[in-house]
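To start, the structure itself, in structure tokens.
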Amino acid sequence: MEAIVEKKYTYRDFESDQEVRWCPGCDDYVILRSMQKALPEMGVKREDVVFISGIGCSSRFPYYMNTYGMHTIHGRAPGIATGVKLANPDLSVWIMTGDGDAMAIGGNHFIHVLRRNIDLNIVLFNNEIYGLTKGQFSPTSLVGQKTKSSPYGNTQPPFSPGELALGANARFFARIGGNVPKDISQILIEAHKFKGTSLIEVLQNCVIFNDGCYSNVTGKDVKEDKQIFLEHGKPMIFGKNRDKGLVLNKLKLEVVTIGENGITEADILVHDAKEKDPTLHQMLVRLKYPLATGIIRSFDDVTFEEREDALTKQVKANSKFTKTNDLFYSGEIYMVK
Amino acid sequence: MLTEKVKIQPEVLEAVVIRFVGDSGDGMQLTGTQFSDTSAMFGNDIATFPNYPSEIRAPQGSLYGVSGFQVHIGSVEVSTPGDNLDLLVAMNPAGLKTNLYALKPGHTIIVDSDAFTKKNLEKAQYETNPLEDHSLDNYRVIQVDMTSLTKEALKDVEGLDNKAITRSKNMFALGMVYWMYGRAKEHTIDFFNKKFKTKPHLIEANTKVLNAGYYFAETLELIPNAYTISPAKMASGTYRVIMGNTATAWGFLAAAEKSGLELFLGSYPITPATDILHELVKHKHFGVKAFQAEDEIAGIASAIGASFAGDLAITTTSGPGLALKGEALGLAMTMELPLVVVNVQRGGPSTGLPTKTEQSDLMQAMYGRNGESPVIVIAASTPANCFDFAFQAAKLALEHMTPVILLTDGYIANGSAPWKIQSVDQLPEIKNNITKEAVENWHPYTRNEKTLARNWAIPGTPGLEHRVGGLEKDSITGNVNQAPENHEKMTYLRAEKVKRVQNYIPEIKTEFADSGDLLVIGWGGTYGSLHSAVKQINQEGYKSIGFAHFNYINPLPKNTKELLSRFKKILVCELNNGQFANVLRMNFSGFEFLQFNKVQGLPFGNNELIDEFKKLVK
């Protein structure tokens with residue numbers, strides 16, 4: 001547990017002296033500012049915060065944060081962050097990654113870090129394109145998408161980060177648009193509070209190579225009708241008029257209209273993010289209309305470092321070794337005169 | 001039962017080489033380990049060489065499924081497992097066929113004659129039974145119906161199935177050899193008591209069979225107790241028998257205690273390095289954090305993270321794993337973080353020969369990264385000094401803020417030898433570059449003027465928040481700086497930092513001759529073979545042959561050039577195709593470096609080395 005801070009930070013305390021170099025209009029600026037604004041609310045000391053990234057546009061993030069940080073190599077941030085956290089479990093450790101970094105070259109580390117449930121936070125900037133290498137399709141690009149490396153259309157079906165994550169037994173998964181700073185900040189705070197690996201997928205617009213890829217769901221005029229923002233314990237209602245809701249029809253989620261066909265608010269599913277069984281969370285993740293955002297899953301489970309810590313305490317309590325000499329001179333030793 | 005009865009006068013031998021061979025499931029590694037441990041406790045010097053197939057249980061009776069364990073015991077200093085055998089214990093025809101070449105003519109073979117069935121002979125591709133066709137007439141063959149005698153010995157023990165009975169016949173062979181060499185059985189009986197604590201019937205069975213073999217050799221007076229080997233003259237002190245990989249693990253435990261840091265290991269299983277992981281994962285009581293990662297890259301990545309957060313961080317692997325770790329190692333190098341990478345070398349390239357030894361990763365260790373990426377490279381040379389060099393690797397990494405590659409190899413990693421126990425309080429100090437004070441104008445790349453090591457500011461320290469990364473950095477602030485002059489400056493700086501380690505490592509010394517006709521050069525795990533060969537040729541009267549063995553490869557010791565200039569000829573002996581010879585050529589022009597190379601996955605033999613030396617010195 002990080003100590004509660006006495007000094008009150010502002011977002012300015014988390015700005016580094018480095019000039020931010022993303023393209024003008026990029027959602028990355030929104031995420032950066034949302035993070036800088038969320039951190040003072042988390043009650044964590046600045047020196048206890050570590051940002052770790054791999055390679056890609058999103059991975060420049062640590063340079064812009066006045067905290068500890070490492071800009072590492074492509075795809076390997078989860079491994080490096082795991083080492084940081086195991087070395088010092090008191091730190092608040094954040095992995096900043098993109099769809100190429102986490103889903104392609106770092107796919108293996110991505111699933112294993114989620115499986116272990118170490119108390120790390122992963123912010124996945126998903127723009128469905130490779131930006132820093134100037135516009136190739138990524139593992140989340142759509143079939144048919146024309147990019148520099150798929151001029152006739154992409155032929156590789158995409159991953160859904162949420163489905164992959166839940167398949168890897170992720171305990172915390174949230175999805176949020178890249179244009180709603182307050183919601184992003186709030187989810188970052190919740191992710192920080194959550195003990196275990198939390199994954200936040202940000203639907204981040206790339207203004208240069210994939211502009212508008214999410215505008216039909218995240219656009220200001222459509223988002224209330226096209227998204228359902230989930231909150232634990234609240235009914236799954238959406239729409240400008242708050243008249244649409246989700247019900248379970250056999251094995252599928254179905255959109256219904258409150259007030260039609262005898263449907264009342266009582267018929268609408270209530271979101272339980274803390275449920276252990278991920279079946280309904282999986283269905284929500286897969287839903288195309290409306291697109292589920294907010295914290296979809298937040299199941300409290302034992303963390304990897306808690307298991308390790310308990311084991312270490314137990315071994316220490318039962319061991320006769322405290323210094324290496326106890327080991328070196330144990331068992332079968334003999335004297336030569 | 002016995003083909004002959006030979007009365008040999010008891011004699012005192014200086015050293016004896018014994019090899020136990022059988023199927024990979026026959027327990028030959030256990031038999032050999034028990035014999036060598038018992039001999040060490042008796043005060044002998046020992047050197048061992050396990051040689052086993054990469055298949056866990058290769059098809060029974062097959063030639064490629066033979067597992068062997070060779071042990072050299074002596075009343076004099078023993079530095080190799082030995083070339084030629086005095087005794088071969090063969091549990092089946094395949095073991096006999098694949099190992100007979102090594103037995104000295106006239107010397108002894110003990111075989112389990114029950115195993116020489118038609119089926120086993122066919123599997124071993126024998127057309128006729130070698131026990132009957134006079135092909136072994138030049139040897140002393142002792143045929144023992146070991147399987148039947150083992151069954152007989154166990155007929156009253158309850159709770160044993162046929163498999164358990166057959167599997168304990170290795171203890172019959174061990175009992176016989178114990179009697180032959182005057183060894184006590186108690187160490188092995190203690191071992192049974194511990195190993196089978198909860199299975200008393202197995203303690204009883206193994207003890208019975210061991211005794212049966214021992215008394216079989218004694219009571220029937222079939223084998224004269226011909227050989228006694230008195231204790232070796234070794235430096236006084238407290239000893240234990242240690243395997244190279246264990247010594248490596250313990251060297252890091254000692255370094256962690258000495259430096260006051262916690263030890264972090266990030267690793268992925270790979271032969272023959274995995275035993276270091278197995279060992280370190282046991283020691284949670286010392287606060288060791290041993291993390292088995294999802295792959296080699298995550299292994300080193302987690303170690304880099306732990307290093308950034310202030311642990312003594314290491315990662316262990318073998319050749320193919322080092323290839324995978326290359327990019328991350330370059331990152332640690334450019335972030336100037338302390339890290340030790342252990343490469344227990346095996347036969348390559350690619351998957352190569354996983355269970356065999358080789359020294360062919362030297363160039364990979366030196367240069368196997370993109371860009372100008374110098375790291376410290378050191379190599380252990382005996383099972384016992386794996387401890388010293390693991391300790392030293394940690395010390396250099398922490399004091400110079402750079403990754404260190406520690407090279408060992410399958411031969412010394414799996415070999416065991418007596419280790420004079422080193423108490424941690426007598427080991428040298430380990431300083432570190434940790435900084436805790438936020439002073440004005442502090443920068444992450446502020447350096448120690450002498451070593452050029454940067455300071456180490458650890459997360460959790462207020463006021464020292466900073467960012468590092470793989471992009472080129474400003475030489476002081478550590479901020480991204482890709483300016484041409486800065487990049488060149490940083491490249492030279494990183495090289496100079498490693499070069500200056502020369503000021504902190506010992507000079508290279510010669511043995512046997514300081515100058516003369518021939519300088520024999522080796523590095524790493526070949527020390528025992530080379531030392532023993534040069535010693536022997538020296539005793540034969542060749543006094544102008546010197547021997548220099550390198551443990552420090554990058555940087556090389558300061559006096560290397562001066563040393564080279566004292567000899568007329570230089571012969572670099574390596575278990576590869578000439579990699580260290582090429583390192584020397586790059587560093588020292590004007591010398592001719594002759595090469596003697598062996599790339600068979602096996603250590604050097606004494607005779608082949610001596611023959612080569614004699615060719616070069618009249």
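Below, read A as the first sequence line, B as the second, and so on, with proteins coming before strands; counting in each chain starts at 1.
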Exercise for review: Go through the steps to decide whether B:His285 and A:Asn318 satisfy the test side chain to side chain contact (heavy atoms under 4.5 Å, CB included), and finish with yes or no.
Suggested key: CA-CA 9 Å; B:His285 39 247; A:Asn318 296 324; over 6 Å; no
**Study point:** Distance in Å, B:Asn479 CG paired with A:Glu19 CD, rounded so as to fall on 0.5 Å steps
**Key:** 12.0 Å
**Study point:** Heavy-atom contact with chain A under 4.5 Å, split by part of B:Ala328
**Key:** both
Review point. Side chain, backbone, both or neither: which part of A:Arg21 has an atom under 4.5 Å from a heavy atom of chain B?
Key: neither
Revision key, fill the gap. Cut-off 4.5 Å, heavy atoms of chain A, and the answer for B:Ala235 is backbone
Exercise for review: Below 4.5 Å from any heavy atom of chain A, which atoms of B:Leu471 appear? Answer side chain, backbone, both or neither.
Suggested key: both
Review point. Roughly how far, to the nearest 0.5 Å, is CD1 of A:Ile105 from CD1 of B:Ile297?
Key: 7.5 Å
**Study point:** Region of A:Leu327 in contact with chain B, defined by heavy-atom distances below 4.5 Å
**Key:** both
**Study point:** Toward chain A, the part of B:Phe191 with a non-hydrogen atom under 4.5 Å
**Key:** neither
Point to revise | Parallel, tilted or perpendicular: ring planes of A:Tyr68 versus B:Phe308, cut at 30 and 60 degrees | key: perpendicular
Revision key, fill the gap. In this structure, CD1 of B:Ile300 is separated from CD1 of A:Ile73 (nearest 0.5 Å) by 8.0 Å
Check your understanding: For A:Phe51, is it the side chain, the backbone, both or neither that has a heavy atom under 4.5 Å from a heavy atom of chain B?
Key -> neither
Practice item. With a 4.5 angstrom heavy-atom cut-off, could you sort out which part of B:Tyr239 is near chain A: side chain, backbone, both or neither? Key: both
**Study point:** Region of B:Lys420 in contact with chain A, defined by heavy-atom distances below 4.5 Å
**Key:** neither
Check your understanding: With the threshold set at 4.0 Å, does a side-chain nitrogen-carboxylate oxygen contact exist between B:Lys289 and A:Glu305?
Key -> no
Exercise for review: Measure distances from B:Ile242 to the heavy atoms of chain A and classify the residue's part below 4.5 Å as side chain, backbone, both or neither.
Suggested key: neither
Point to revise | chain A contact via B:Pro444 - side chain, backbone, both or neither, heavy atoms under 4.5 Å | key: neither
Review point. Side chain, backbone, both or neither: which part of A:Phe304 has an atom under 4.5 Å from a heavy atom of chain B?
Key: side chain
Study note, to complete from the structure: Whatever's closer than 4.5 Å to a heavy atom in chain B on A:Lys313 counts as neither
Review point. When rounded to the nearest 0.5 angstrom, what is the spacing between CE in B:Met335 and CE in A:Met70?
Key: 5.0 Å
Check your understanding: Quick one: OG1 on A:Thr322 to CD on B:Glu257, what's the gap to the nearest 0.5 Å?
Key -> 8.0 Å
Study note, to complete from the structure: Turns out that what part of A:Gln18 lies under 4.5 Å from chain B's heavy atoms comes down to side chain
